[in-house]
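Each chain gets a letter, A, B and so on, in the order the sequences are listed, and its residues count up from 1.
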Protein chains: 2
Amino acid sequence: MHKNALVRDLLKEKQSELTAAERKLSAVLLDDSLLSGLQSITRLAELAEVSSPTIIRLARKLGFEGFSDMQGAIRNEIGARMKQPLAKLDAQAPTDSRGHIVSRFIEAVSGNINRTLERLDLAEFDQVAALLSDPSRRLYLLGGRITRSNAHYFFNHLQIIRPQVTLLDSSPSVWPQSLLDMDADAVLIVFDIRRYEKELEKLANLAVAQGASIVLFTDAWGSPIENYARFCFRAMVEVPSSWDSTLAINFLIEALVAEVQSRSSVQSADRIAALEQMIGESRIFRSN
Amino acid sequence: MHKNALVRDLLKEKQSELTAAERKLSAVLLDDSLLSGLQSITRLAELAEVSSPTIIRLARKLGFEGFSDMQGAIRNEIGARMKQPLAKLDAQAPTDSRGHIVSRFIEAVSGNINRTLERLDLAEFDQVAALLSDPSRRLYLLGGRITRSNAHYFFNHLQIIRPQVTLLDSSPSVWPQSLLDMDADAVLIVFDIRRYEKELEKLANLAVAQGASIVLFTDAWGSPIENYARFCFRAMVEVPSSWDSTLAINFLIEALVAEVQSRSSVQSADRIAALEQMIGESRIFRSN
DNA sequence: TTTTTTCTGTAACCTTTACTTCAAAGCGCG
DNA sequence: CGCGCTTTGAAGTAAAGGTTACAGAAAAAA
């Protein structure tokens with residue numbers, strides 16, 4: 001019975017029946033594709049911070065005679081996986097012959113991120129990081145219908161890291177007020193993927209006219225805002241879905257956050273500490 | 001010295017210096033990509049039809065302390081070969097010897113996504129997709145300080161695809177009003193990664209008490225809300241940054257959006273068409 | 001051939017391993 | 001609070017592990 005089943009699947013399948021220590025162990029095993037299961041039971045026990053009996057109990061729970069038996073199965077499993085040309089998400093395809101949506105999705109997404117990075121100019125990335133770390137700059141973030149979430153995510157982090165960060169409202173009617181403040185020190189970070197929104201372009205145009213610098217995040221085809229942008233990141237967005245994927249854009253955002261944080265760490269340490277305290281004090285929904 | 005070199009290369013390199021029995025052993029090892037070297041020395045000896053001392057002598061000849069030492073190297077080697085990164089941005093490293101932040105980031109992120117998917121239960125994924133596609137369900141989304149953006153992103157799409165989707169306000173003081181409506185038909189989608197927020201747990205608890213089902217997105221360590229959740233997705237979030245990465249979570253969201261969309265496509269087609277029209281009519285910032 | 005050198009397996013060695021037992025710790029429940 | 005129950009690791013054991021020493025086998029040199 002267990003001869004056919006893969007240890008990995010068994011682990012996932014019986015996850016709910018596992019105890020706390022067993023789940024800890026299971027996490028360690030799954031964490032590196034069962035590879036840690038090839039060590040001696042003692043080492044594995046130390047690595048997973050459980051005792052060796054726990055390991056044996058888990059092995060038995062999965063249907064093996066003991067640890068050695070399971071280890072043999074793991075070795076076979078890894079061997080089988082290695083002989084496959086490309087180790088991609090093993091398509092078990094329970095419902096669909098062309099593979100589960102998750103399998104197809106991960107394939108597309110990894111391609112998107114890869115190609116986005118291929119086109120990424122690291123020097124440009126560094127320049128943008130420097131720009132966003134400059135405390136004398138004022139940052140404004142703006143997104144479209146869908147990309148507003150990305151703008152919000154970026155804003156969320158930047159606002160904690162440094163002062164002078166503004167997320168523009170989703171309603172264009174209140175933009176003019178912010179526009180007033182955009183001078184040569186201002187940086188407008190715009191997200192605009194298809195379908196490109198005319199309002200965004202209009203605002204970008206006006207901002208540039210006032211001297212602001214624009215950092216644009218767009219898709220492979222390029223928003224019309226490219227013409228006004230000082231810096232431009234193009235990300236791949238196509239996936240097997242009715243919707244575009246902004247994962248590559250999110251990747252760029254997170255990498256920028258990391259870099260801006262490390263460049264601003266000295267100044268932002270106090271800022272974050274102060275924030276933590278304010279959060280603690282202003283907790284409304286008391287949890288006592 | 002031999003720390004860097006691969007066992008496989010060492011074997012081929014020193015082939016000429018090997019004795020007959022050693023060469024027989026080497027052939028067996030190379031034959032299945034060193035995989036047979038993961039067994040016990042006794043089994044390997046039987047398989048290669050040599051004695052165990054021969055194995056030790058070969059290991060020493062290659063520069064290892066003994067069989068165990070070589071076996072460890074083999075394990076690492078196989079591990080390295082298996083976890084071929086989703087993307088290995090060929091390190092150009094212009095400024096930093098340890099690689100550009102983007103390179104280090106992509107490595108961490110691809111690992112995170114891969115490991116998140118390994119732990120993902122596809123059946124659970126499908127169940128959640130079905131749940132979210134059910135028009136008789138009312139959906140409520142809730143995120144923490146950082147994950148609010150993810151909740152917003154999810155909301156943004158779900159709201160277009162189907163009716164009865166609500167994004168809970170970031171301020172807990174107005175939650176009770178929404179809580180009133182959460183009965184057995186309600187689905188509360190919660191995002192809670194470290195540092196876990198007590199307010200979220202409290203709300204989840206109350207929602208469950210009213211009969212609502214909870215779908216939880218959390219990190220590898222697991223939010224306390226797990227105890228109340230009907231479905232739980234655990235994503236890996238660690239990256240070389242002061243901040244956690246929610247990219248794996250975003251991946252799950254996008255995959256779910258794709259699946260929910262395809263399941264609801266019939267009903268949602270009209271909805272999207274209607275929406276498009278409304279957007280066209282209500283454009284404020286006219287582009288003449 | 002004999003002598004010398006190199007190679008290889010057997011048998012002993014001690015260490016580590018996988019596994020069992022058992023008691024303490026944790027946990028839910030009345 | 002104590003009561004069961006489950007979960008967990010410490011201690012102990014028998015077996016298998018890796019390693020060593022040594023002697024015979026094979027090959028090379030004389």
Integer-rounded Å distance: [N] [atom2] and [X] [atom1]:
| X | N | atom1 | atom2 | result |
| --- | --- | --- | --- | --- |
| A/Lys61 | D/dT6 | NZ | P | 11 Å |
| A/Arg60 | D/dT7 | CZ | P | 16 Å |
| B/Leu18 | C/dT6 | CG | P | 16 Å |
| B/Glu46 | C/dT10 | CD | P | 12 Å |
| A/Gln71 | C/dA18 | CD | P | 6 Å |
| B/Gln39 | D/dG17 | CD | C1' | 14 Å |
| A/Phe67 | C/dT17 | CZ | P | 10 Å |
| A/Arg43 | C/dT16 | CZ | P | 9 Å |

Determine, stepwise, if the pair B/Phe191 / B/Leu141 fulfils side chain to side chain contact (heavy atoms under 4.5 Å, CB included). CA-CA 8 Å; B/Phe191 296 84; B/Leu141 290 111; 4.3 Å; yes

So, do A/His152 and B/Tyr153 have ring centers that fall under 6.0 Å from each other? no

Ion pair check, [X] and [Y], cut-off under 4.0 Å:
| X | Y | result |
| --- | --- | --- |
| B/Arg138 | B/Asp183 | yes |
| B/Glu226 | B/Arg234 | yes |
| A/Glu22 | A/Arg57 | no |

What's the closest nucleotide to the [X] side chain, out of [options]?
| X | options | answer |
| --- | --- | --- |
| A/Ser51 | D/dT8, C/dG9, D/dG17 | D/dT8 |
| A/Ala21 | D/dA21, C/dA18, D/dG9 | D/dG9 |
| B/Ala20 | D/dG9, C/dT8, C/dT20 | C/dT8 |

Any [X] side-chain nitrogen or oxygen under 4.0 Å from OP1 or OP2 of [N]:
| X | N | value |
| --- | --- | --- |
| A/Ser40 | C/dT17 | yes |
| A/Thr19 | D/dT7 | no |
| A/Ser68 | C/dA18 | no |

Of A/Ile41 and B/Thr54, the one whose closest nucleotide on DNA chain C sits nearer the 5' end is B/Thr54

Name the nucleic acid region contacted by B/Ser52, choosing base, sugar-phosphate or nothing; use a 4.0 angstrom heavy-atom cut-off, strictly under. base

